[in-house]
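Residue numbers begin at 1 in each chain, while the letters A, B, ... track the order of the sequences.
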Amino acid sequence: MTMAWEPYDAKRIEAKWQARWQEQQTNEPDLAGARNPFYTLMMFPYPSAEGLHVGNVYAFTGADIQGRYHRLLGHDVFEPMGFDAFGIHSENYALRINTHPMKLIPKNVANFRRQLRMMGLMLDWSHEVLTPDPKYYKWTQWIFIQLFKHGLAYRKKAPVNWCPKCHTVISNEQVIDGMCERHPGTAVERRHLEQWFFKITAYAQRLLDNLDWIDWSETTTTAQRNWIGRSEGADVDFPLPGREDALRVYTTRPDTLFGATYMVLAPEHPLVAELTSPEQREAVAAYCAAARMMKDADRVDEAREKTGVFLGAYATNPVNDQPIPIWISDYVLIEYGTGAIMAVPAHDQRDYEFASKFGLPIIPVIGPTEGDPPAGEAYVGEGVMINSGSYDGMPSLDCLRKITADLEGRGVGKATVQYRLRDWCISRQRYWGPPIPMIHCAQCGIVPVPEDQLPVLLPELEDFHPNSPGGKPLERYKPFYETTCPQCAGPAHRDADVNDNFLDSAWYFLRYPSTDDDQRPWDPERTRKWLPVDLYVGGNEHAVLHLMYTRFLCMAFKDMGLIDFEEPFKKFRAHGLLIKEGAKMSKTHGNVSNPDEYVEEHGADTLRMYLMFLGPYAEGGDFRDSGIVGIRRFLDRVHRLYGGIPAGGNGGPRHGPLQKRTAIKLHQTIKKVGEDIHAFSYNTAIAALMELLNEMRAAPALDDFARESFVILLAPFAPHEAEELWELLGHDGTIFSARWPDYDPALTIKDEVEIAIQVMGKLRGTVTVGRDTSKDEVQAAALAEESVARHLAEKTIVKVINVPNRLMNFVIKP
RNA sequence: GCGAGAGUGGCGGAACUGGUAGACGCGCUGGAUUUAGGAUCCAGUGAUGGAGACAUCAUGGGGGUUCGAGUCCCCCCUCUCGCACCA
């Protein structure tokens, strides 16, 4: 031994190893020369003024364990970190404390770096990414231009979600129950603005299809499937008497076509004005105006009673030539399908409510196969066709296809697929983000900024308040706003919007390996070597936002020939949420804990292990202070064991060959910890380490393999202490150059097994026999047990169930 | 309403393809050691009855399948998360 043992002092040990890792660049793989690359990614944080909280530490530690484990398996692990410091979070905070965000960032980032180092994460700080750095957002803007050039960025005037507190447009995903995600209690308004959109809908089917093969948490892929919301149905044309054109609707239930008793258009539907009869004009105009002004929150409230107005016009049902009245109502959405529906009140609950209120006919066209249709509501199930002309008597499921085919044959309908997914609104009428790199010219229209002029620098404005007089922040600042057209050199102005913060974070993982390259967003060779990301770990709150946008961009890049893969993350695992005091740990609940105090008291290794011990990583855990001492005691005991300090009365294990039972426990644990890490089952892996420690402490002797293996198994969880003990065992250099121990399968099974003996399914005793003892011998041993024999006395044994090496059950009768 | 997940001791949580429910840890109880300790070590700890060995009851509730159910099936209740008039 080269080093004297001292009592466990987390502070000393952790400072020592953090300094050594930094000095020796232990965590910086050779990106160009690595032979066995493994890219571990964790969702980079927004560097808030409050600093890292325990929830972040939970997320990062779970990812770090994977990185460290893979390193011990022999991979070159790249585990980078960065900061997502653009966006409304930062801007609103800056406004609140009246300080420019640019001034806040260095301090906040420095604090985050300090805390991340403190937690002993295996981060490679030589490849940090900072989204508001012009060296980074230059390429964010470049990406915007590439999408524009490939027809994937376009402008449209659209009803958008406007948060009066954020003073900007927010995405559908950021609207929660009609309220702003960031301002609970603030209703989102509907405004109509010219906005930039990315055509994510063009990739809807591919985004859906790939979910079948990517190795992601099922909770996440399910959320994405629901969000994409593919539905199969038919477009059907309803002729409009006296007009050339027809009213097109989308329906998933062509089998109910004979039951369509009225039509409903969205108030925004373009045909509304043309179809309205003179008598109804006033009422219709009033209804449309009201709908237009209405907040989404109200419009979307399902509990609200249905409203609507008759247009005074009729369409013709293409299957039976019946005239059916056309109404408008805000329960029909202009954004989905064709913005018009055929209403079948007998078989759709919404239509049923509407028809009941306005006295419209309700005609059942499908009868349930058995029983009666429910009274007072729509029957939405399948059944047998009725009131449907020649289709009567057929199963409704068959008619779904048949009626569509018949309509198709007559040229009045066709099978179609709809998606719920909407295009991604990119524009933000704010300050703190990358300016959208577009120029508006009266002569040439919209012209992208030439790529050699990137980045379009965000000017350092004193007044960046979103709603000061004179327009948007960037519009008010004329030296920025006023420019010349790159094509005609005439006067022009810059786009005064900045991009959505989700664009900044949609490609950061591509940048990490190439942060030293100023010529390209990513170095093709490095990218080929390191991407796609091997493992991404993050919260499911990003299941449909960040993770969908990232996948979309990746597909677009692949199609542009910029990269050669279309899914960014081979494996994604969602972690659970930390609960504290009965609520999820978050700033809104005011129950966040700062890791600093726990590290100060117990050390980072203890906090890391404690967080991982709380429960299954995918399900989160209940964070409370009371249990942390258990882990602290565990690490103390580990440390004492390696110092040769007696554990209780036995004087401590000496150096020597293992007893069989200790060897078995050791090999079982090597097997289990590896398997558990693979399954992200950290809590049970730690429990197994505790069991092994208890066994080793009680053992009379331990050999080198046992001592070294235990430290290596501990290393992913408590890296500082593992390094310290590794050194104490006489090794030079980092333990992370060591290899995960192999277990001997023969030593994972015991020679003797305890067999449960049941009588009629109730446990009456146990017998210990050699492994693979025959049924007869087990039975003999069981019958010899007094506690078993007593229950069998004077009974007839009907049957004996034998589960080898586990259990024997006697079935008896009196 | 739809989708996903979950209900197990005082607490956090274990339990492989159905096979000894409660691993591991916290807390608690008793003991050892100590000047003392909230340090360390040992033992015990699901509930009820019993001095006791033992018995009975126990995995949200109710049925069922099975030699055997926390695990499978049906019905119901509760909680968490996500989506929310998507035709």
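- U71(B): no Watson-Crick or G-U partner with both key distances under 3.5 Å is found in any strand.
- The residue V332(A) sits close to a base: some heavy atom pair falls under 4.0 Å.
- As rounded to the nearest Å, A15(B) and G9(B) have C1' atoms that lie 15 Å from one another.
- Across the P atoms, A47(B) and G10(B) are found 7 Å apart, a figure rounded to whole Å.
- A donor-acceptor contact shorter than 3.5 Å is absent between the side chain of R624(A) and the backbone of K580(A).
- Here H347(A) lies out of heavy-atom contact (under 4.0 Å) with every strand.
- A salt bridge links E600(A) with K11(A); the closest basic N to acidic carboxylate O contact falls under 4.0 Å.
- Of the nucleotides present, none pairs with G52(B) by Watson-Crick or G-U wobble criteria with both distances under 3.5 Å.
- Contacts of I801(A) with the nucleic acid, taken as non-hydrogen atoms under 4.0 Å apart, include base atoms.
- Using a 4.0 Å heavy-atom cutoff across all strands shown, S231(A) reaches sugar-phosphate atoms only and no base atom.
- Between H791(A) atom NE2 and A55(B) atom P the separation is 4 Å, expressed in whole Å.
- Rounded to whole Å, the distance from CG on D622(A) to P on G7(B) is 14 Å.
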*B/S/- contact track for nucleotides 21-30 of chain B, protein heavy atom under 4.0 Å*: --BBSSS---
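- Heavy atoms of R764(A) sit under 4.0 angstrom from primed sugar atoms or phosphate atoms, though from no base atom.
- Nucleotide G46(B): paired with C57(B) (Watson-Crick or G-U wobble, both distances less than 3.5 Å).
- The residue E754(A) sits close to a base: some heavy atom pair falls under 4.0 Å.
- Considering only side-chain N and O atoms, K762(A) lies under 4.0 angstrom from the phosphate OP1 or OP2 of C57(B).
- For G10(B), the paired nucleotide is C26(B), the pair qualifying as Watson-Crick or G-U wobble because both relevant distances are below 3.5 Å.
- Base pairing of C79(B) is made with G5(B), judged by Watson-Crick or G-U wobble geometry with both donor-acceptor distances under 3.5 Å.
- Between Y336(A) and A87(B) there is a side-chain N or O to OP1 or OP2 distance below 4.0 Å.
- U45(B) and C11(B) have their C1' atoms separated by 14 Å, given to the nearest Å.
- Atom name P, nucleotides A14(B) and A6(B): the rounded distance is 11 Å, in whole Å.
- Nucleotide G38(B) holds its P atom 16 Å from the CG atom of D636(A), rounded to whole Å.
- Comparing G62(B) with G18(B), their P atoms sit 24 Å apart, to the nearest whole Å.
- Shown here, G9(B) is classed syn by the O4'-C1'-N9-C4 or O4'-C1'-N1-C2 angle, which is within 90° of 0.
- Interatomic distance, Y287(A) OH to W327(A) CH2, rounded to the nearest 0.5 Å: 10.5 Å.
- Phosphate proximity of C41(B) to R697(A): present, with a side-chain N or O under 4.0 Å from OP1 or OP2.
- Atom name P, nucleotides U65(B) and U71(B): the rounded distance is 15 Å, in whole Å.
- Contact annotation: S787(A) side-chain N/O to C54(B) OP1/OP2 distance is not under 4.0 Å.
- Across all strands shown, R632(A) has no heavy atoms under 4.0 Å from either base or sugar-phosphate atoms.
- Side-chain rings of Y610(A) and F717(A) stay apart, their centers remaining 6.0 Å or farther from each other.
- Atoms CZ (R806(A)) and P (C67(B)) sit 20 Å apart, rounded to a whole Å.
- For C79(B) and U8(B), the C1' atoms lie 15 Å apart once the distance is rounded to whole Å.
- Of the P atoms belonging to A39(B) and G50(B), the separation is 37 Å, rounded to the nearest Å.
- Base pairing analysis places C85(B) opposite nothing; no Watson-Crick or G-U wobble pair with both distances below 3.5 Å involves it.
- In a base pair of the Watson-Crick type (N1 to N3 plus N6-O4 or O6-N4) or a G-U wobble (N1-O2 and O6-N3), with each distance short of 3.5 Å, A32(B) is matched with U40(B).
- Base engagement by N809(A) is indicated by at least one non-hydrogen atom pair under 4.0 Å involving a base atom.
- Between D255(A) and R253(A), at least one side-chain N (NZ, or NE/NH1/NH2) sits under 4.0 Å from a carboxylate O, which counts as a salt bridge.
- The base-pairing partner of G18(B), taking Watson-Crick or G-U wobble contacts with both distances under 3.5 Å, does not exist among the strands shown.
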